[in-house]
Amino acid sequence: MFAHQDVYFPEGWFMALRAACDRLNSIDPSWAVAGICGMTPDGEFVGHLWDSGLGTVCGGRFDRPRLAASLDEVVLIVRRAAGTLFDPSLPSFHLYGTDIVLEAKRAGMKSYVIDLPIIHNSKATLRLDPSYLAAYRFMIRKWRAQLPWPTVIVQLSRNPLPLLLRRFRLRYRAMLSAPTLNPKFECPEAKARELGFAQASEDAI
């Protein structure tokens, strides 16, 4: 399992993870990667987490694991027996969740989003910095035959318009909404209980 440093796992989460992996094994014994939020092949966002940078719950509860075209890197679970590896040539700390899903797909394996809510103590994304752009351009070159391809931030595409529009929207949002971004709360455990995330984890066992 790989997780960002700003994640809080509610009480019972790791027991629920074991149950979720057992369920995945029964549905698809050759699954490769799972995550807690991502995009379906149809471009639909699926997930369930509290994001402090946005001050809201992203997504919501869902029952069965959903097929993923890309996964957010906040939490990734890689089935060791699948043999799927991260690409060390991918520049910067972006889009490796999408890349490993595509690597699994190339090897004939599927990836999934599972409902295991967490608290993400993030800062709001106000711009796509040069490191993101470098990773984006790398992915365009590497996966040219698969494009366009959905990701949580912006669709991978040879057409520059989706990326330009996303950068414009983030810049506009930063100008108009900066005072309301990055709300603070003192205790992630209390927030998890307030949202029912700890109970949700226990129910999944």
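Here the structure is a predicted model, which means the values were calculated and not measured. The basis for the numbers below is simple: all heavy atoms, side chains too, and nothing from hydrogens, waters or symmetry mates.
- In the displayed structure, Arg18 atom CZ is contacted under 6.0 Å by at most 12 heavy atoms of other residues, nucleotides or ligands.
- Here the straight-line distance linking atom CG of Leu147 with atom OG of Ser157 works out to 6.5 Å at 0.5 Å rounding.
- Of the possible polar contacts, one joining the Asp115 side chain to the Phe62 backbone as a donor-acceptor pair under 3.5 Å is found.
- In terms of heavy atoms, Ile140 sits closest to Leu156 at CD1-C, 3.9 Å.
- At a threshold of 4.5 Å between non-hydrogen side-chain atoms, the residues Pro162 and Val154 count as touching.
- Taking Ile, Leu, Val, Met, Phe, Trp and Tyr as members and joining any whose side-chain heavy atoms lie under 4.5 Å apart, directly or through other members, the hydrophobic cluster of Val152 also contains Met39, Phe45.
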task: Under the side-chain contact (heavy atoms from CB on, under 4.5 Å) rule, what do Lys110 and Lys105 come out as? Steps first, then yes or no, please.
output: CA-CA 6 Å; Lys110 296 177 181 178; Lys105 180 178 181 292; over 6 Å; no
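- No donor-acceptor pair under 3.5 Å is formed between the side chain of Gln155 and the backbone N or O of Pro150.
- When all heavy atoms of Val78 and Thr84 are compared, the closest pair comes out as CG1-O, 3.9 Å.
- A distance-only check finds no donor-acceptor pair linking the side chain of Thr98 to the backbone of Ser70 [under 3.5 Å].
- Across all non-hydrogen atoms, the minimal contact from Leu67 to Pro41 is O-CD, 3.5 Å.
- Trp13 contributes no side-chain N or O that, together with a main-chain N or O of Ala198, makes up a donor-acceptor pair within less than 3.5 Å.
- The heavy-atom pair separating Ala20 from Ile114 by the smallest distance is CB-CD1, 4.0 Å.
- The shortest distance between side-chain heavy atoms of Leu76 and Met1 does not fall below 4.5 Å.
- Two different hydrophobic clusters hold Ile27 and Leu17 under the rule that ILVMFWY side chains link at heavy-atom gaps under 4.5 Å.
- A donor-acceptor contact shorter than 3.5 Å links the side chain of Arg79 to the backbone of Trp31.
- Residues Trp143 and Asp99 meet the side-chain proximity criterion, which asks for heavy atoms closer than 4.5 Å.
- For the residue pair Ser89 / Asp87, a side-chain donor-acceptor distance below 3.5 Å is found, with atom types taken as modelled.
- Side-chain contact between Leu128 and Leu163: present, with at least one pair of heavy atoms (C-beta onward) separated by less than 4.5 Å.
- A side-chain donor-acceptor contact under 3.5 Å links Ser92 to the backbone of Ser131.
- Taking NE2 from His120 and CH2 from Trp50, the interatomic distance works out to 13.0 Å, rounded to the nearest 0.5 Å.
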- For side-chain contact (heavy atoms from CB on, under 4.5 Å), just list the numbers for Phe9 and Val75, CA-CA rounded to whole Å, side-chain angles, deciding distance to a tenth of an Å, and then say yes or no. CA-CA 10 Å; Phe9 296 102; Val75 175; 4.0 Å; yes
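- The distance from atom CD1 of Ile36 to atom CG of Asp72, rounded to the nearest 0.5 Å, is 7.0 Å.
- Nearest heavy atom pair, residue Val74 against residue Cys37, reads CG1-SG, 4.1 Å.
- Sorted by first and then second residue, the pairs that involve residues 74-105 and meet ring pair (Phe, Tyr, Trp, His ring centres under 6.0 Å), not counting sequence neighbours, are Phe2-Phe86, His4-Phe93, Phe86-Tyr96, Phe93-Tyr96, His94-Tyr132.
- Side-chain contact check for Pro65 versus Val113: every heavy-atom pair is 4.5 Å or farther apart.
- Among all heavy-atom pairs drawn from Val46 and Arg66, the shortest one is CG2-NH1, 3.7 Å.
- Looking at Glu103 and Met109, their side chains never come closer than 4.5 Å, going by heavy atoms from C-beta outward.
- Side-chain N or O atoms of Asp28 include none that pairs as donor or acceptor with a backbone N or O of Leu24 at under 3.5 Å.
- Electrostatic pairing of Arg23 and Asp63 counts as a salt bridge here, judged by a charged N lying under 4.0 Å from a carboxylate O.
- Ring geometry for His48 versus Phe197: interplanar angle over 60°, hence perpendicular rather than tilted (30 to 60°).
- With 3.5 Å as the limit, one finds no donor-acceptor pair spanning the side chains of Asp6 and Ser122.
- Side-chain atoms of Ile119 and Val7, non-hydrogen and from C-beta on, never get closer than 4.5 Å to each other.
- At least one side-chain heavy atom of Leu90 sits under 4.5 Å from a side-chain heavy atom of Met139.
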